K.L.:
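Next up is a structure, given as structure tokens.
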Protein chains: 2
Amino acid sequence: MIVNLLNKLARRDMLDEHERAVLMAAPAGTKQFGPRRNIVRQGEPLTQSMLLLDGFVCRYIDLADGKRQILEFHMPGDFIDLQGFLLKSLEHNMASVSPVTVALVPHTTLRHITENEPHLTRLLWFTTLIDAAIHRQWIVSNGRRSAIARVAHLMCELDTRLDVAGLSDGNSFFLPFTQADIADATGLTSIHVNRMLRVLRDDGVMTFRDGRVTITNRPALADIAEFDPAYLYLHSEPR
Amino acid sequence: MIVNLLNKLARRDMLDEHERAVLMAAPAGTKQFGPRRNIVRQGEPLTQSMLLLDGFVCRYIDLADGKRQILEFHMPGDFIDLQGFLLKSLEHNMASVSPVTVALVPHTTLRHITENEPHLTRLLWFTTLIDAAIHRQWIVSNGRRSAIARVAHLMCELDTRLDVAGLSDGNSFFLPFTQADIADATGLTSIHVNRMLRVLRDDGVMTFRDGRVTITNRPALADIAEFDPAYLYLHSEPR
DNA sequence: CGTCGTGTTGACATCTCTCAACGTACGTGG
DNA sequence: CCACGTACGTTGAGAGATGTCAACACGACG
């Protein structure tokens, strides 16, 4: 639902009725993808951007030796290739993880917004700055955190973002990832991710089974991850 | 010089005379910092953004166990905390590496630009998208590249960006970093960085001595790094 | 009923880290 | 001018975290 985006923005700043209407009217249609489909290919020229309505998406880069690095996970409410509006193509790939529905927003519409809606433009710009802040935490994870802290931090991030999107029931959330996905996101092997998940489970911190994460000891999880949600800028300010 | 920013933007899109004049008039003053000084502290409220005129700056996050992760390096022409305009504070720190001069642009001026200069706004937004693309490459490096490839990729990135900024003489550039800085950027120890630099030197690929990088075999360096400059979006397009 | 994708576990390998020692350059104070 | 401390770089030896390889379990699905 596009209402997920409105909620996400409204949490960070006031949105007036006119701005809500402009956003509601932005999509020119929707599109569906099955699981594990390419959505945007590296280098492909783009003329529209996608707002994720349902399902999970990831960005990734493949290396020459077959290794893959996932760069970010996206959930409903995320404007998944808004960058493409100004970059004109992406230097990485985007793929569905689960079955996915997106709303298509033509770049001409985005251009119109940037010409006529300065406040809305700032809010859209802002959402891309949050993506960059998430990237920075992943740099820290992959660079300096231990394997168990990387997994824990990713789970804390997803927990917090899914809660903002209204997709968490408080202590558990649906997460259609494989252990290999988590490995490619955290720069580990799926075998080692499996071991770290077992440690977290054995220690009563969290479980990840059948596509569902259940957090059984949130303070312990945040402590292992050294998680501080400040980087998600969840408070409202005039922007 | 603010002309570095104009060049950086003009390489990605046309800038008209009026827009150049607006940018030239944006700074309300300049400020200098000695080497290794804090420039912006995590969480500090911001009311102006800084355009780097001279010297090198880094963003970083410190972890509880004393480890540090550098998130990005900045060079003259970079609008180093433009994000602060919309984020209102940063979740990481910024520090000078060398002596530094910055131009100060009040957020009120940036707000005026976003209200009245849609094209210039898109270009400023664009520069923050480049930062995010750089972040993504660092995620890949720290997550999936070997130690030698991480060092090589960082050097390729700096070489390319410094060339765009007019701060490279073609095969060598001034780089006032310590091996510990490179270690904190690449998620390695300074001892291992030292070993990797020795390998690159012994193999005739590049040297880093006395604050100067000299690339002696560029194809070999790019090959080790698997470096593709596409992520820096160096071509001009209407944006 | 076989195959494939995914998860699980153990044994061993290896890359990078840790610890330690030492060299050099430079500034500072006696 | 010399003595000393500090920052940075260099090298070696051993340790440890994570990767690699291999085997097997299980369910989904054609």
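Below, read A as the first sequence line, B as the second, and so on, with proteins coming before strands; counting in each chain starts at 1. Since the model is a prediction, treat every value here as computed from it, not as a measurement.
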K.L.:
I need the CZ-P distance between A/Arg144 and D/dA17, as an integer number of Å.
P.N.:
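Value for this atom pair: 16 Å.
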K.L.:
Distance check needed: D/dA17 P versus B/Asp65 CG, whole Å only.
P.N.:
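Taking atom P of D/dA17 as the reference, CG of B/Asp65 is at 13 Å.
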K.L.:
Return the nearest nucleotide to the side chain of A/His192; candidates are D/dG19, C/dT8, D/dT11.
P.N.:
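From the listed options, D/dG19 comes nearest.
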K.L.:
Can you find a side chain N or O atom of B/Thr189 that sits less than 4.0 Å from OP1 or OP2 on C/dT16?
P.N.:
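Answer no for this pair, as no side-chain N or O of B/Thr189 is under 4.0 Å from OP1 or OP2.
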K.L.:
Considering just the side-chain nitrogens and oxygens of A/Arg209, establish if one lies under 4.0 Å of OP1 or OP2 belonging to D/dC26.
P.N.:
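No, outside the criterion.
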K.L.:
Is the gap between the ring centers of A/Phe208 and A/Phe177 under 6.0 Å?
P.N.:
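Not close enough - the centres of the two rings lie 6.0 Å or further apart.
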K.L.:
CZ of A/Arg198 versus C1' of C/dT9: gap in Å, rounded?
P.N.:
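Whole-Å distance recorded here is 7 Å.
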K.L.:
Check the distance between D/dA28's P and A/Asp210's CG and give it to me in whole angstrom.
P.N.:
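My rounded result for the distance is 10 Å.
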K.L.:
With A/Arg68 as the cation and A/Tyr60 as the aromatic partner, state whether NZ or CZ is under 6.0 Å from the six-membered ring centre and within 45° of the axis.
P.N.:
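The answer is yes; both the distance and angle limits are met.
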K.L.:
Between the main-chain N or O of A/Gln42 and the side-chain N or O of A/Asn93, is there a donor-acceptor pair closer than 3.5 Å?
P.N.:
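Such a contact is found between A/Asn93 side chain and A/Gln42 backbone.
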K.L.:
Below 30° counts as parallel, above 60° as perpendicular, anything between as tilted: where do the rings of A/Phe227 and A/Tyr231 land?
P.N.:
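The arrangement is perpendicular - the two ring planes meet at more than 60°.
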K.L.:
From NZ of B/Lys67 over to C1' of C/dT18, roughly how many Å is that when rounded to an integer?
P.N.:
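Taking atom C1' of C/dT18 as the reference, NZ of B/Lys67 is at 11 Å.
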K.L.:
Would you mind classifying the nucleic acid contact of B/Gly211 as base, sugar-phosphate or nothing, using non-hydrogen atoms under 4.0 angstrom?
P.N.:
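It contacts nothing in the nucleic acid.
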K.L.:
Of the candidate nucleotides C/dT6, C/dG10, C/dC19, which contains the atom at the shortest distance from the side chain of A/Thr178?
P.N.:
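Nearest nucleotide to the side chain: C/dT6.
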K.L.:
Phosphate oxygens OP1/OP2 of D/dG9: is one of them under 4.0 Å from a side-chain N or O of B/Asn194?
P.N.:
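The answer is no; no side-chain N or O of B/Asn194 sits under 4.0 Å from OP1 or OP2.
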K.L.:
Any base atoms under 4.0 Å from A/Ile191, or only sugar-phosphate, or nothing? Heavy atoms, all strands.
P.N.:
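Since a base atom lies under 4.0 Å of A/Ile191, the category is base.
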K.L.:
Does the A/Thr216 side chain pair with the main chain of A/Gly204, one donor and one acceptor, at a distance under 3.5 Å?
P.N.:
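Yes, A/Thr216 side chain to A/Gly204 backbone: donor-acceptor pair under 3.5 Å.
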K.L.:
When you measure from the side-chain N and O atoms of B/Gln179 to the phosphate of D/dT10, is any distance below 4.0 Å, counting only OP1 and OP2?
P.N.:
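For D/dT10, OP1 or OP2 has a side-chain N or O of B/Gln179 closer than 4.0 Å.
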K.L.:
What is the distance from CG of B/Asn142 to P of C/dT16, rounded to the nearest Å?
P.N.:
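For the pair B/Asn142 CG and C/dT16 P, the rounded distance is 12 Å.
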K.L.:
Does B/Ser190 or A/Ser146 map to a spot on DNA chain D nearer the 5' end, using the closest nucleotide for each?
P.N.:
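Comparing both residues, the 5'-ward one is B/Ser190.
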K.L.:
Between C1' on C/dT9 and CG on A/Asp202, what's the gap in Å once rounded to a whole number?
P.N.:
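Atom-to-atom, A/Asp202 to C/dT9, this comes out as 13 Å.
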K.L.:
Respond yes when some side-chain nitrogen or oxygen of A/Arg195 is under 4.0 Å from OP1 or OP2 of D/dT18, and no when none is.
P.N.:
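Negative; the distance criterion is not met.
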K.L.:
Give the rounded distance in Å between these two atoms: CZ of B/Phe177 and P of D/dC8.
P.N.:
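Distance, rounded to whole Å: 14 Å.
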